[in-house]
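Quick caveat: nothing in here was measured; it's all calculated off a predicted structure. Proteins get letters first, then strands, A, B, ... in listed order; numbering begins at 1 in each.
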Amino acid sequence: GAVVSQHPSRVICKSGTSVKIECRSLDFQATTMFWYRQFPKQSLMLMATSNEGSKATYEQGVEKDKFLINHASLTLSTLTVTSAHPEDSSFYICSARGGRHEQYFGPGTRLTVT
Amino acid sequence: KQEVTQIPAALSVPEGENLVLNCSFTDSAIYNLQWFRQDPGKGLTSLLLIQSSQREQTSGRLNASLDKSSGRSTLYIAASQPGDSATYLCAVEKSGFQKLVFGTGTRLLVSP
């Protein structure tokens with residue numbers, strides 16, 4: 001149980017375009033999901049907390065107009081990277097909070113902006 | 001601001017050894033602490049979660065302890081196997097905030 005999926009697993013896009021990443025909790029409902037970013041050989045950095053039916057809460061230094069988060073249902077949150085640039089290239093991971101307060105993580109999405 | 005540090009940053013051991021990974025955090029007001037495993041290019045797999053009121057948790061060959069007052073947790077891996085090779089991350093959740101703060105990670109390599 002407690003499976004979180006992400007789609008796509010890898011995406012390559014051109015500079016200036018927008019990319020949407022989906023995060024789904026497959027076998028449980030998650031009122032709260034989290035989006036992280038991970039640079040090579042570094043730890044995870046929390047970008048934002050996504051709450052179902054309300055606006056996301058962004059961490060300091062994260063541009064909310066660039067990283068649009070929508071949590072439209074109890075099983076789906078999306079992250080849209082708008083007007084992507086090469087410096088946005090990274091590994092994006094989502095997580096969903098389960099009933100025992102554990103966080104379950106998706107497999108990640110590798111974004112490459114050319 | 002909570003800071004989480006893991007020592008060592010990298011560890012290489014022969015198969016069969018018992019080993020200890022360390023995690024320290026600066027703010028003891030935590031709700032829980034979680035240990036994760038991450039394989040290269042993959043997401044995170046939750047290994048053990050210790051609530052702030054608990055001292056340790058065990059799962060198979062893994063044992064995690066928590067000493068909240070000193071800001072420390074250890075992950076003990078018994079009889080290590082090559083399949084244990086991965087990066088191990090600890091993360092703490094501050095009371096009432098739900099957000100996880102991750103440690104710097106320990107890259108483990110177990111040689112056959």
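The number of heavy-atom neighbours closer than 6.0 Å to NE2 of A:His7, taken from other residues, nucleotides and ligands shown, is 12 or below. The environment of CZ in B:Arg72 is sparse: at most 12 heavy-atom neighbours from other residues, nucleotides or ligands sit within 6.0 Å. Enclosure of atom CZ in B:Arg61 by more than 12 non-hydrogen atoms of other residues, nucleotides or ligands within 6.0 angstrom is indicated.
Counted by atom type alone, A:Gln38 and B:Gln38 present one or more donor-acceptor pairs between their side chains at under 3.5 Å.
No other option in B:Gly105, B:Gly41, B:Pro40 has as many heavy-atom pairs under 4.5 Å with chain A as B:Gly41.
Neither the backbone nor the side chain of A:Thr57 has a heavy atom closer than 4.5 Å to any heavy atom of chain B. Of the two parts of A:Leu46, only the side chain, counted from C-beta on, holds a non-hydrogen atom closer than 4.5 Å to a non-hydrogen atom of chain B. Of the atoms belonging to A:Glu59, it is side-chain heavy atoms, and not backbone ones, that fall under 4.5 Å from chain B. Only the backbone of B:Thr104 has a heavy atom closer than 4.5 Å to any heavy atom of chain A.
In the hydrophobic clustering of this structure, B:Leu100 groups with A:Ile93; members are Ile, Leu, Val, Met, Phe, Trp, Tyr whose side-chain heavy atoms approach within less than 4.5 Å, directly or through other members. A:Val113 and A:Tyr92 end up in the same hydrophobic cluster when Ile, Leu, Val, Met, Phe, Trp and Tyr side chains are linked at under 4.5 Å. Clustering ILVMFWY residues whenever any of their side-chain heavy atoms sit less than 4.5 angstrom apart, transitively, puts B:Val13 in the very cluster that holds B:Leu62. The same ILVMFWY cluster, assembled from side-chain heavy atoms under 4.5 Å apart, contains both B:Leu75 and B:Leu66. Put simply, B:Leu89 and B:Leu33 are part of two different groups of oily side chains (I, L, V, M, F, W, Y) that touch within less than 4.5 Å, one to the next.
Of all the heavy atoms in A:Phe91 and B:Lys42, the pair that sits closest is CE2-O, 3.4 Å.
To the nearest 0.5 Å, the span separating CZ on B:Phe102 from CE on A:Met45 amounts to 12.5 Å. Here the CG atom belonging to B:Leu44 is positioned 9.0 Å from the OG atom belonging to A:Ser95, to the nearest 0.5 angstrom.
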TODO: Using the side chain to side chain contact (heavy atoms under 4.5 Å, CB included) rule, take B:Thr45 and A:Phe105 through it: C-alpha gap first, then chi angles, then the decisive distance, then the call.
DONE: CA-CA 7 Å; B:Thr45 301; A:Phe105 283 76; over 6 Å; no

Task: side chain to side chain contact (heavy atoms under 4.5 Å, CB included) between A:Gln103 and B:Lys99, worked out - done: CA-CA 10 Å; A:Gln103 284 197 25; B:Lys99 299 185 293 187; over 6 Å; no

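Panel note: side chain A:Ser43, backbone B:Gly103; a donor-acceptor pair is recorded below 3.5 Å.
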